Amino acid sequence: MLRAGSVVTCIACKNLLPSRMGVKFRVPLQKLHPLSRAIHHRYFANNNPQRPPHCSAARHYTSLSRLPMRPPKSRSGGHGYQQHRSFWVARLAARLLKLRYILLGSAVGGGYTAKKTYDEWKDMLPDMSQYTWIVPDFVWELSENIDLGKLASALPELEEIAKLLPDMEKIRENFTFLKSLLSSGLGSEVNGASGLRLLLETTGESTLRATDIPPTSAAMSDSSDKQFKKSSDKEKVDQLQEELLRTQLKYQRMLERLEKENKELRKVVLQKDDKGIHQRKVKKSLIDMYSEVLDILSDYDSNYNTQDHLPRVVVVGDQSAGKTSVLEMIAQARIFPRGSGEMMTRSPVKVTLSEGPHHVAMFKDSTREFDLGKEEDLAALRHEIELRMRKSLKEGQTVSPETISLSVKGPGIQRMVLVDLPGVISTVTAGMAADTKETIFSISKAYMQNPNAIILCIQDGSVDAERSIVTDLVSQMDPQGKRTIFVLTKVDLAEKNLASPSRIQQIVEGKLFPMKALGYFAVVTGKGSSNESIDSIKDYEEDFFQSSRLLRDGMLKAHQVTTKNLSLAVSDCFWKMVRESVEQQADAFKASRFNLETEWKNNYPRLRELDRNELYEKAKNEILDEVISLSQVTTKHWESILQKKLWERVSTHVIENIYLPAAQTMNSGTFNTTVDIKLKQWTDKQLPHKALEVAWETLQDEFARFMAEYKGKDQDDIFDKLKEAVKDESIKRHKWNERAMDSLRVIQHNALEDRSITDKPQWDAAIQFMEETLQSRLKDTDSVIADMVGPDWKQRWLSWKNRTPEQHTRNETKNELERLLKLHEDHTAYLANDEVTTVRKNLEARGVEVDPVLIKDTWHQLYRRHFLQKALLHCNLCRRGFYYYQRHFVDSELECNDVVLFWRIQRMLAITANTLRQQLTNTEVRRLEKNVKEVLEDFGEDTEKKVQLITGRRVQLAEDLKKVREIQEKLEAFIEALHKEK
């Protein structure tokens, strides 16, 4: 039974490889996995000549071999036969019972042995429990959603797979014949054929050595020398070489098909279930975590010079060398703007590549996903990238150092972070900024000087290598070539245009350029059409290299061609560099964090660590509180301050242009007529504008007052510049409601038209208002006269002050004019020419030379003082004139029309202040609050504005602390995930 099981097992193993394939070798036992080696020993134990096969098998598969052996019974003839014949029924029963025990014992022993063997196999398997975290939770739920049995039934059978394998017997014969040619002296003619001799000396010999090579190979070589001529030998070599290439292509297609199936399976695994998995939060991938760290580092600027030395793949090359096309082939989508010969990459573009179920792209600062399988989304993505590039350009710039961050996910995409830089140029052309060339060099050097950055140097193969600029730049940044990968693009054009294809071989072998590199690759990025798809470019690249003599003649090696091999090599190099450097970077930021925290504790021990954004939010709340406080101002306060400010603004006009001219008239009728005309003109042209200006200034002053009062309450001085800027910008944006001016004009006109004083208190209030106004004007006039004539005798004696010659002249003129006023107290406001001449001659008689203009100026101030003094006396007389006013001054020598004028002005001021107060509290305060909120929102979105308005070492220290902590935490999380992936 055991031998039968062995035979069945061997037959099952042999069925895996059909006999028609011509394979007659066995894999050496030393090359088998330990588990397979154990199975091999047990099924092929009879191969060991030192151990009996039955004992070996029994030791593994049964316990009956351990029972004591019974001695054999000798058979005797004679009566024994009769006895046997007599009791054959009893013996048959005994045999049957014995067979039952044997079967039962065999079943028990076989079951125990099978269980023991299964336990041994199970112990030999590696412990996979610690690797279960690699597989996401939803994979274990796939059995509920995917019919694995149906999937397994869909896989090809072993016989179908065997049909795809090459005919090993035919290949063995071809190898034998070719080896005989090489051994017979034709090796020099065959050495150029893709390293075929090296292939035969390694892979071919090791394969054929394991098979049964017939001993007649030497005879075949001797006969072939006589049978074939030199020309036929070359044809045979070409035929063999084509056969090898076809075999390689067959394997390649089979590999691609398997990879495609694997890609589809991975896509199914990565897709989320709409009900269960979609609702569960999925952990970020390793490359996404790393990309977030790079995004933060791109904005980090520390005074401690903790530089960003984390790896990324920096794509550099001459303009139009094919950098962007190579990147698109790696990303498997045409995502970048394209142009014919013009500069399209105007700023660095950081592309984070990762694997995902759907082929999508997304910007760092946006939630929109672009479906890269749809042409309209691809066009929108290219347009968005171009807009962002142009938006990053400042006025007068051609390129910008600002980085655009983009992530691309899709099935089968290699995980890495690449940065596409603007192409290096040799000459600044028309339309470019003068410093474009230097700016591109500085941007490229800034990225390449990172000691852990992988430099992907792109060289255009269709142009002369001597015209390249980027190779010298890369050699300066990485002279040893320890982190540089060289890529030769447009190899199809290079093979077509170059007279000597060996020049391409020199380039990819690193012998043409002085630049050194880790690896050299040759790729084809399409036929040059902007409408080509990624799949068509891949097919064209594959077809080209299949038919290219560069690969056929051994100038290029198979692993050096196609963007797929390039992508794999770059990804491996990237992750190797990440694993070697990320912990060192984490330690550097840990030390930087300690230094920053120490500085904060020593300088700001009682303050919280608020960064610029947090400080801005705090200042924003304070400003909004101050604006809301405007609504709490009382009505009395608004009207009082408005009336006061409005009178200060219009008092000069009222006194100089209305009251004084009207007071010069001879009777009350002329006075009232003059006043009415001038008030009407003033109301129509100036008064409403002045009132609105006063209201707006009052609102500003109150806003500033509340902010100043709030400042006294534990306010931070760091907000002063911000608050001032918000106030100025809000006032600048605020537009007063122009429609209120028309209604205000009507209200003011009606108030000034009213002359009816209803009671004595209103009369007394008007007299008091007039008296205060006249006394204020008289005081100002006395001050002007004192400045004109200089110090009096008391000041000269007590303060030791002297008059200037001009002041002495004015003083003499003043004395002469005062004598004139004493003689004519009812003199008009203006001097006649003969009076001016008389005054001048009188002064000349006393030895004072004076100009007529100076006489008139002095007279104006003296007469003004004289008039105001008379007006104050008249005001005191009118205190008892309310009775005559009620009788319209009939039969009375007392006329108080000037008091009525001041009452009209006072009433207009009160009504205007009330109207403006209503407009302020009901409309303008709310509009100002709205403007302040809009300004704060705009400032909050403008990072540069916040940097300008919230400054200081405290702010910068808090900013650095926040970023360093965030970087360190994300780096530690990334390192932990990286260790788990190992």
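Model, not experiment: these values are computed from the prediction.
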(message) According to ring pair (Phe, Tyr, Trp, His ring centres under 6.0 Å), does anything in residues 932-951 pair up with another residue at least two apart or in another chain? List the pairs.
(response)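 The answer is none; no pair qualifies.
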(message) Which residues pass the side chain to side chain contact (heavy atoms under 4.5 Å, CB included) test with S392, not counting sequence neighbours?
(response) S347, S400, E402
(request) Just jot down the side chain to side chain contact (heavy atoms under 4.5 Å, CB included) partners of N657, sequence neighbours excluded, or say none. (result) H653
(request) Taking N621 for its side chain and E617 for its backbone only, find out whether a donor-acceptor pair lies under 3.5 Å. (result)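 Indeed, once roles are kept as given, a pair shorter than 3.5 Å links the two residues.
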(request) Please answer whether the main-chain N or O of Q918 pairs with a side-chain N or O of N922 as donor and acceptor at a distance below 3.5 Å. (result) yes
(message) salt bridge (Lys or Arg N to Asp or Glu O under 4.0 Å) for R880 and D764? Distances and angles first, verdict last.
(response) CA-CA 9 Å; R880 54 185 176 86; D764 293 338; over 6 Å; no
(request) Report yes if the distance between the aromatic ring centroids of W859 and H827 is under 6.0 Å, otherwise no. (result) yes
(request) Check the pair E729, R733 against salt bridge (Lys or Arg N to Asp or Glu O under 4.0 Å), reporting the backbone distance first and the verdict last. (result) CA-CA 6 Å; E729 184 64 23; R733 295 185 184 185; 3.0 Å; yes
(request) Taking salt bridge (charged side-chain N to carboxylate O under 4.0 Å, His left out) as the test, write out the residues that go with K678, two or more places apart. (result)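 K678 satisfies salt bridge (charged side-chain N to carboxylate O under 4.0 Å, His left out) with no residue once adjacent residues are dropped.
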(request) Only counting residues at least two apart or in another chain, list the ones meeting side-chain hydrogen bond (donor to acceptor under 3.5 Å, both in side chains) with E844. (result)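 R840.
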(request) Check side-chain hydrogen bond (donor to acceptor under 3.5 Å, both in side chains) between E697 and all other residues, then give those that pass, not counting sequence neighbours. (result)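 With sequence neighbours excluded, E697 shows a side-chain hydrogen bond (donor to acceptor under 3.5 Å, both in side chains) to R649, given in chain and number order.
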(request) Please tell me if the side chains of L692 and L916 come closer than 4.5 Å, counting only heavy atoms from C-beta onward. (result)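 A side-chain contact exists here, since the closest heavy-atom pair is under 4.5 Å.
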